[in-house]
Amino acid sequence: MTDDVLDRSPVHALLTDGTTVCVRSVAPEDHGQLEGFYEELSPENLRLRFFAASRRSGALAADRASTQTHPGYRALLAETQGRIIGLAEYDTGGDDKDSAEISVAVADGLHHRGVGTLLVEHLVSAARAEGIVTFTADALSENHEVLRLFVDLGLRMERRFDGPEMRCTIRLTEDDTYLSAVETRGRAADVASLTPLFRPAVVAVVGAGRRPGSIGRAILHHLHSGGFTRRLFAVNPSATSILGIPSHPSVSALPRTPDLVVVAVPAAAVPATAEECGKAGVRALLVVTAGLDSRQSQALLTACRTYGMRLVGPSCLGISNTDPELRLDATFAASHPSPGTAGVAVQSGGVGIALLDGLSRLGIGVSSFASLGDKYDVSGNDMLQWWESDGTTDLALLHLESFGNPQAFSRTARRVTRRMPVLTVDAGRTDAGRRAAASHTAAAAPSTMTRQALFTQAGITATGSIGELLETAALLHSQPLPEGSRVAIVTNAGAVGVLAADACAEAGLTLPPLSPETVADLAAVLPDGATVGNPVDTTATVSEEQLGACLDLIEKCPGIGAVLVALVPTAAAEATGDDLVRALTRAPARRPRPVVVVRLEQALPVELLPADGGTIPSYAEPHTAARSLVHAARRAAWLARPAGTVPELPDVDTQRAHTIVEEHLLAHPDGGLLDPRTCADLLACYGIPQIPWAWAETEDDAVLAADRLRGFDGRVVMKAHWPGLVHKTQQHAVHLDLRGDSQVRAAFRDLETRFTGLMTGVVIQPLAARGTELFAGAVQDEVFGPLVLFGLGGTATEVLADHAARLAPLTDHDVHDLITSPRCAPLLFGADGSGPVDLQALEQLLLRLSRMASDLPQLAEADFNPVLAAPDRVTVLDARVRLLPRPPHDPYLRRLR
């Protein structure tokens, strides 16, 4: 059962019009309200719900929902400001049933707003956690609304007519079709809820002082001086006008209810201000105030949830929307952001100012900006969905120090990055950085490997600094994406060409030879003494016309993905430095491949040079240009690859796996490592191949087991076991190459003597044949969910740390990337002369490990080391699984933070 339903804590979520509702389990004290809910339903609504317009049916339904406690029954209600507006139930009719009857009722006047659909989504999540696989429902065939609800869920449904009734059977399998349907509904609701924030018709600033110096006054001034085109008010009990803007004593005294209220009052006054705004009907809050304690923070969030207000902040720089029809600048930055097409979301106000300034300087500008601060509500995921829908943004820049729901963020980002580049700064890459991020945002920062897996899988361009972010944004904004990583370099100074070549090679780009035809054509147009290899050295005497002709020829050369032009001003040519730059900027929009410029004399790290039909990025250093090209090439490769799918796996017994986990945790409430037999049973539920083995607790049992299992060359392996044993080799708890009964007995006696009081038995295995030793594992990250790791195995796995990681569930592309990313990958393809390993079996092993980690949130850690990979098989030789008592969690369930 989901954690939200288990503890009966309320979950807040959005309806299709952006309204916030509370979804929670029904409690006995709700009986009176439920009776009133049914009494207010129209006769027609009652008839469609109960097949008869009987008030008695409603009363009985209220009794059932508020009193039923038997297993297999669940009732959820939706309420807004204490009023029940919807109820949904399922009932299996008893224990251990995999099918449940479902019913839904929604208050009159609230249909077509997504109340019923939201409730059913939450019931589906709870039912899956209880092992229910189908819902059934009877409905009158004329009840088009509920039938449409079932059809639009995105789940597979079968319908059967029985007279005037229809029997619906809904399969609760969570697949991409269902998740995409949930995403679509969530995106529409999210964008609707953000409209009062980023397109408000009325804005009020609470806390704008009469004297200069306050943040509230600065924001009010920015709104006014920025030319906000809608209604603007100040709230100050001591003034009737501030900066020429009408001021009123309270929010409730305003002549019009604001869509957005900017809160810039002392921390102690924030909760009361939020409460007043909610009661007045305000739809969104921007809280710039910092320093709220836990009580004030909770009161602020409670007010926002109670009254359905979206919240940016607290402790933030503000928000802006540069739409010329709105011109909203509710920030206290030094200057107004330039209008443009880049969406920006940050947690740090200082980073926000740097990005706003940098984008303005480059001429890219900003479509909308949000400083999320402590991120109590509105998140990076919200902003991605807003930019996806605003019709203006074509470039998204993020600087997030923490993630609230990374798995939902990943699905959103995968979709958005196919429409526009999404760039981020990979903040907190070091231990010191992670500590700083955690102290700054009061959130635990995720591990570097996990965060990088998220960015890679979602197609997000992750940079190492604000400077690198802006440098890459300049290229992605102004140029087409390269076709691959093959670059041609053109320079008018040989030494600079060498620097550029080194920078490209170090960044991972390649410099292929030019085609013979291109070489001949270049020799015909360039000055005498020019070198027409790659790099192309035009010499210092090159003219504007010659350089332009050179670029035209190189862009037609097959196999070239991008062109890097490195120029220095010289006195040896008739053309000046500006003339040569002009040669680059002729009709760049018609160029099929990206062109970047390097000018060592350039003062700024990156500039965008005006050109006919567009701009060209110009860099002060070759390595920054090369680095930006690498990011562009990676994005092009990601876009060229179709979206991956999670393959179906045969022979998986999820129900049996859940039973094994539940029985173990019942016997071991604090969790811990599984014993060898339980571990083997769990792996067998997922078809994970294991080497034959036997358990022995006595010397004679060990001899009998060895006789049954003698493998390659008649030898066996003996491994000691006791609860908590992790590194058997380091403990010298393994005997290899045991031949004959006498060696088996001697090994058992040795282990028994050295580990007296610890050892509970031994595992006997046949000695494995030769192969490549690999490592495969999974860990449940507290923030990101299950992560699958793969790489070189054996005793050196921790020393060499040759591992790659991807978040589960793995797609077919993710598995391919896992196998090819580690440094040891060439060994798997036969680089050592032994032939390739069974790659299909290796893929299956990783997919099944991913499925196990995704199915079982209690699986804290799985460690397969070594995994023996050979040309004809892949086998787990040693497995370690640790469980912890964790409740299931549905990352895709629609809910606010």
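Keep in mind that the numbers below use all heavy atoms, side chains included, and drop hydrogens, waters and symmetry copies. Just so you know, these numbers come straight off a predicted model, no measurement behind them.
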In residues 650-657, what donor-acceptor pairs under 3.5 Å come from side-chain atoms, sequence neighbours left out?
residue	atom	partner	partner atom	Å
D653	OD1	R656	N	3.0
T654	OG1	R851	NH2	3.2
T654	OG1	D855	OD2	3.3

Problem set entry | Selection residues 12-21 - residue pairs positive for salt bridge (charged side-chain N to carboxylate O under 4.0 Å, His left out), sequence neighbours left out | D17-R113

Minimal non-hydrogen separation, [X] against [Y], with atom names:
{"X": "G86", "Y": "V115", "value": "CA-CG1, 4.1 Å"}
{"X": "L41", "Y": "R55", "value": "O-NH1, 2.8 Å"}
{"X": "P891", "Y": "H889", "value": "CD-O, 3.2 Å"}

Restricting to ring-ring contact (aromatic ring centres under 6.0 Å, His included), what partner residues turn up for [X], sequence neighbours left out?
{"X": "F50", "result": "Y38"}
{"X": "Y376", "result": "none"}
{"X": "Y73", "result": "H70"}
{"X": "W387", "result": "none"}

Salt-bridge present ([X], [Y]; N to O < 4.0 Å):
{"X": "R895", "Y": "E121", "value": "no"}
{"X": "D863", "Y": "R882", "value": "no"}
{"X": "E101", "Y": "R167", "value": "yes"}

Exercise. Under the 6.0 Å and 45° cation-pi test, does R418 pair with W638?
Worked result: yes

Side-chain donor/acceptor of [X] to backbone N/O of [Y], under 3.5 Å:
{"X": "D382", "Y": "V191", "result": "no"}
{"X": "D190", "Y": "R187", "result": "no"}
{"X": "H664", "Y": "I660", "result": "no"}

Return yes if a side-chain donor-acceptor contact under 3.5 Å exists between [X] and [Y], otherwise no.
{"X": "E183", "Y": "Y178", "result": "no"}
{"X": "R310", "Y": "S193", "result": "yes"}
{"X": "R848", "Y": "Q844", "result": "yes"}

For this session: Let me see the working for R74 and E89 under salt bridge (charged side-chain N to carboxylate O under 4.0 Å, His left out), right down to the final yes or no.
Result: CA-CA 6 Å; R74 182 71 49 196; E89 309 161 83; over 6 Å; no

